[in-house]
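Read through the structure below, which is laid out as C-alpha cells, and then see the notes.
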Amino acid sequence: MPELPEVETVVRDLRALLPGSVIAAVWTSSRPLRVAWQAEWTQHLVGRRIGHLERRGKWIIVKLDDNASVVVHLGMTGQLRVCDSDEPGDEHVHFRLRLNTGRELRFRDIRRFGSLRWMPPGVPIDSVPRGRLGPEPWDTDPEELGRRIRRSRRAVKAILLDQQVMAGVGNIYADEALFAAKISPLARGVDLTKRQVRQLHRALNRVLQRAIQARGTTIRNYVGGSGLGGGFQDHLQVYGRGGQPCRRCRRPLTRLRVAGRSTHFCPQCQRPSGAASEVESCPSVP
DNA sequence: GGTATTCCCTGCGGGC
DNA sequence: TGCCCGCAGGGAATAC
C-alpha cells in the first residue's frame with residue numbers, strides 16, 4: 001500500500017538505475033489496468049531517453065528527453081522496478097520497458113489498482129488526478145495546514161486522506177501521525193485548535209521522514225525500485241494493532257472504519273478535543 | 001460545493 | 001482438506 005515514503009523510496013532507487021537509458025521496446029499485457037491507458041505506447045516511447053525522475057504526492061513522474069513524461073500510480077499493490085530482461089515474470093506484470101542497457105523497467109500490480117499514463121510535453125502533473133493535488137507535507141506551514149483542515153467539518157482522518165488537502169498521506173501514516181499528535185481521528189477539522197494543528201503538522205513531517213529513512217512500510221507486497229522491502233512496519237505504533245495495548249497507556253487500541261478505511265487509535269490518548277500535550281517522539285529508526 | 005458512499009480488483013486468512 | 005466469505009485501500013464515480 002504505497003504512500004509517500006514508499007513512493008519516494010521507489011523514485012530514489014530508480015534514479016540510480018534509469019536516467020540516461022534509451023527505451024528500445026514497449027510491452028503491455030492484455031489485461032488492462034483499472035484506469036484506461038493509451039494504446040500508442042510504442043509510438044510515444046521507443047527511442048526516447050529517460051531523464052530525471054520525480055515524485056509528486058503518491059505519483060511517480062518519469063521525464064523523457066522530449067519533455068513528455070510517463071506518470072505512474074502504484075495503487076495498492078503496484079511495484080515499479082528495474083530487473084534483468086531475462087528475469088521471469090508472471091501474470092501480474094502489466095507493463096515492460098526494455099532498455100538499451102539490457103535491463104527492463106517493469107510494472108507489476110496484483111490488484112490492478114495502479115495506473116500508467118503518457119503525458120505530452122507541458123502538461124502539469126497536477127492535472128492527472130481528478131482534483132488538484134495539495135502541497136507536499138513539508139511544503140506547507142502549520143498556518144496553511146490549519147486553514148486547509150479547519151474549513152472542513154469532516155473527520156480529520158478523512159481530511160488527511162484527501163489528496164487535495166495534502167498530497168502523499170495515506171491510511172497508515174494518517175493513523176500514525178494522529179497518534180503521535182494525540183488527536184482523535186474522529187475529531188472534526190473545524191474543531192481542531194491551532195495548537196493541535198501545529199502538533200499534527202510536526203507529527204506528519206516527523207513520521208513521514210522517519211518512514212523514508214526506513215525505506216517505507218512493507219505490509220504485504222511493497223518493494224522499492226531495486227526490489228528491496230521497507231522496514232517501518234517494525235515501528236508502527238497503532239496501524240494494524242487494533243485490540244493490542246497502547247504503547248503509551250497500555251489500554252487496548254480501537255479499530256474503527258472512518259472514511260471507508262480501517263482506522264486504528266487509542267481512545268484514551270487521542271481525545272476528540274481538549275488540550276493535548278507535546279508531540280511524542282516517534283520510535284527511533286536504525 | 002461539500003460530504004458520504006460505493007465500486008473496482010485479487011490474494012490472504014479465518015471459520016466451518 | 002476444501003470451500004466460502006470478509007477484509008485490505010486509492011481514486012473515481014455517484015448520490016445526497
Without decimals, in angstroms, what is the distance between Met166(A) CE and dG10(C) P?
16 Å

Of dG11(C), dG11(B), dG10(C), the nucleotide closest to the side chain of Gln163(A) is dG11(C)

Axial cation check for Phe265(A) ring with Arg241(A), 6.0 Å and 45° limits
no

Below 4.0 Å: OP1/OP2 of dG11(C) and any side-chain N or O of His73(A)
yes

In whole angstrom, what separates Arg148(A)'s CZ from dG2(B)'s C1'?
16 Å

Close residues, residues 256-264 of chain A, relative to DNA chain C [heavy-atom separation under 4.0 Å]:
Arg257(A), Arg261(A), Ser262(A)

Can the ring centres of Phe107(A) and His94(A) be said to be less than 6.0 Å apart?
no

Quick one: are Asn171(A) and Lys157(A) in side-chain contact, heavy atoms under 4.5 Å?
yes

Selection from dG10(C), dA4(B), dG11(B) that lies nearest to any side-chain heavy atom of Arg188(A)
dA4(B)

Report the nucleotide, chosen from dA12(C), dT3(B), dG10(C), that has the shortest atom-to-atom distance to any side-chain atom of Arg117(A).
dA12(C)

side-chain contact (heavy atoms from CB on, under 4.5 Å) with Ile50(A): which of Asp65(A), Val22(A), Leu99(A), Leu14(A)?
Leu99(A)

Ring pair (Phe, Tyr, Trp, His ring centres under 6.0 Å): pairs with one or both residues in residues 64-84 of chain A, sequence neighbours excluded
Trp59(A)-His73(A)

Measure CD1/Ile149(A) against C1'/dG2(B) and give the value in whole Å, please.
17 Å

His92(A) side-chain N/O to dG11(B) phosphate OP1/OP2 under 4.0 Å
yes

Consider the side chain of Leu161(A), meaning its heavy atoms from C-beta on, and name the nucleotide among dG11(C), dT3(B), dG10(C) that approaches it most closely.
dG10(C)

For Glu91(A) and dC9(B), give me the distance from atom CD to atom P, rounded to whole Å.
16 Å

Specify the separation, in whole Å, of atom CZ of Arg56(A) and atom P of dG11(C).
12 Å

Please give, in whole Å, the distance from dA12(C) P to Asp162(A) CG?
11 Å

When you look at Phe232(A) and Arg210(A), which way does the side-chain contact (heavy atoms from CB on, under 4.5 Å) test go after all the steps?
CA-CA 8 Å; Phe232(A) 198 68; Arg210(A) 292 264 165 87; 4.0 Å; yes

Within this structure, what is the CG-to-C1' distance between Leu133(A) and dG10(C), rounded to whole angstrom?
12 Å

Would the number of heavy atoms belonging to other residues, nucleotides or ligands and lying under 6.0 Å from CZ of Arg251(A) be above 12?
no

Which of these, Lys58(A), Arg215(A), Arg55(A), sits in a salt bridge (Lys or Arg N to Asp or Glu O under 4.0 Å) with Glu8(A)?
Arg55(A)

Identify the heavy atoms of Leu133(A) and Arg56(A) that sit nearest to each other, and give their distance.
O-NH2, 3.5 Å

Could you state the atom-to-atom distance from CG of Leu186(A) to P of dA4(B) in whole Å?
12 Å

OP1 or OP2 of dT10(B) versus the side-chain N and O atoms of Arg112(A): is any pair under 4.0 Å?
yes

As a check of understanding: the bend across the helix from dG2(B)-dC16(C) to dC16(B)-dG2(C), end axes from five pairs, rounded to 10 degrees, works out to 50°

